[in-house]
Amino acid sequence: MKKRIYIAYTGGTIGMKPSQSGFVPVPGYLTETIANMPDFYHDDMPEFEINEYMPLIDSANVSPQIWHTIALDIQSRYDDFDGFIVLHGTDTMSYTASALSFIFEHLSKPIIITGSQIPLSQLRTDARINLLNALYIAAHHPINEVCLFFNNYLFRGNRTTKQYADGFDAFVSPNYAPLLEAGIEIKKLSKLPVAVPTEELVVRSIEVQSIAILHLFPGLNWQVLDNLLKSPLKALVLLTYGVGNAQQDKQLLDTLKRASERGILIVNCSQCLKGAVNMQGYATGHALNEAGVISGGDMTTEAVIAKLYYLLSQSLPHQELIEFFQSDLRGELG
Ligand code: ASP
């Protein structure tokens, strides 16, 4: 029996059509293009059904509401399909992959998010190889988690980040090895989850929350931070230097301390792509710890944002919120 895969097409370059003003998403165009590509109907390919969302969006317009819509859509078809593919623009693909990983608990089927840098209808497209492999892997090498497939690698979705604006290797997973490599063989590169959960699928809520990111730089005026923290924030992500260091500016540190005492969660994430935060390494990091800042460990910024949205949507007591944030919930934290 052939496996059945559901494809949710949300928008993005993969299905766009050339127009006088550049590439634009056009309803029906992706489905029609695939229907004319015999490779998708090869004997070794699974059966698939495509649902084009209305309207198709550029992923720059993605929001937590859209993550919720995708999750409910997959949940409503969960029993009817063996796996799920989400076609999505690359710009915010890692945010969506991270968010879906927190929304779905006890997944027993694969969800693979993919897209492309060049539309499927174009000569030098990377969409054909991305979508063919995503379908093939969902059917023949299923991994029960939210994954991202791009340029011959299957990644854990919440470990990825977009690294290359216009290259085919658009995504990396800086702190976690890819799960599979689609070479001559489909090769396992990481320890994969073996147990299929026995619990029922749970779909968690995720809502917009008032959070912000501040990228530190030499000479940052503490009053800018102070003003930001006066807005009705629930959490602030500080993008710090190296292993989690910040300038030892007393006014800046006092501002952070006052905010964390008011209950604003302040998270320390590194500006570096690779490695983890360690606030015990240098006095400049230790000072942040003393000011009540908590560590983002080796999580990507995308995973941190999605995790904050997710946890803040669960109405947890403050201490539990901190504990959950610093625990590994879906393989996002080393
Ligand atoms: N701007 C597009 C999007 O993210 C880029 C892409 O699809 O790759 O929707």
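Order of listing sets the numbers, starting from 1, for every ligand and every atom in it.
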Which atoms of ligand 1 sit under 4.0 Å from any heavy atom of [X]?
{"X": "D58", "result": "1 (N), 2 (C), 3 (C), 4 (O), 9 (O)"}
{"X": "T13", "result": "2 (C), 5 (C), 6 (C), 7 (O), 8 (O)"}
{"X": "G12", "result": "7 (O), 9 (O)"}
{"X": "S116", "result": "8 (O)"}

Does the pair E332/K307 count as a salt bridge with the N-to-O cut at 4.0 Å?
yes
Sidechain-backbone polar pair: Y78 side chain, K109 backbone, donor-acceptor under 3.5 Å
yes
If only atom types and distance count, is the side chain of T114 paired as donor or acceptor with the main-chain N or O of L131 below 3.5 Å?
no
For D73, the salt bridge (charged side-chain N to carboxylate O under 4.0 Å, His left out) test, sequence neighbours excluded, returns R77
Validation row: V208, S63 side chains within 4.5 angstrom (heavy atoms):
no
Under 3.5 Å between any N/O of [X] and any N/O of ligand 1: does that happen in this structure?
{"X": "K162", "answer": "no"}
{"X": "T92", "answer": "no"}
{"X": "H88", "answer": "no"}

Connected hydrophobic set around F23, excluding itself, where side chains approach under 4.5 Å
M16
Atom 4 (O) of ligand 1: nearest protein contact (heavy atom, Å)
S59 OG, 2.5 Å
So which protein heavy atom does atom 8 (O) of ligand 1 come closest to, and at what separation?
T90 OG1, 2.4 Å
Do Y41 and F48 have ring centres separated by under 6.0 Å?
yes
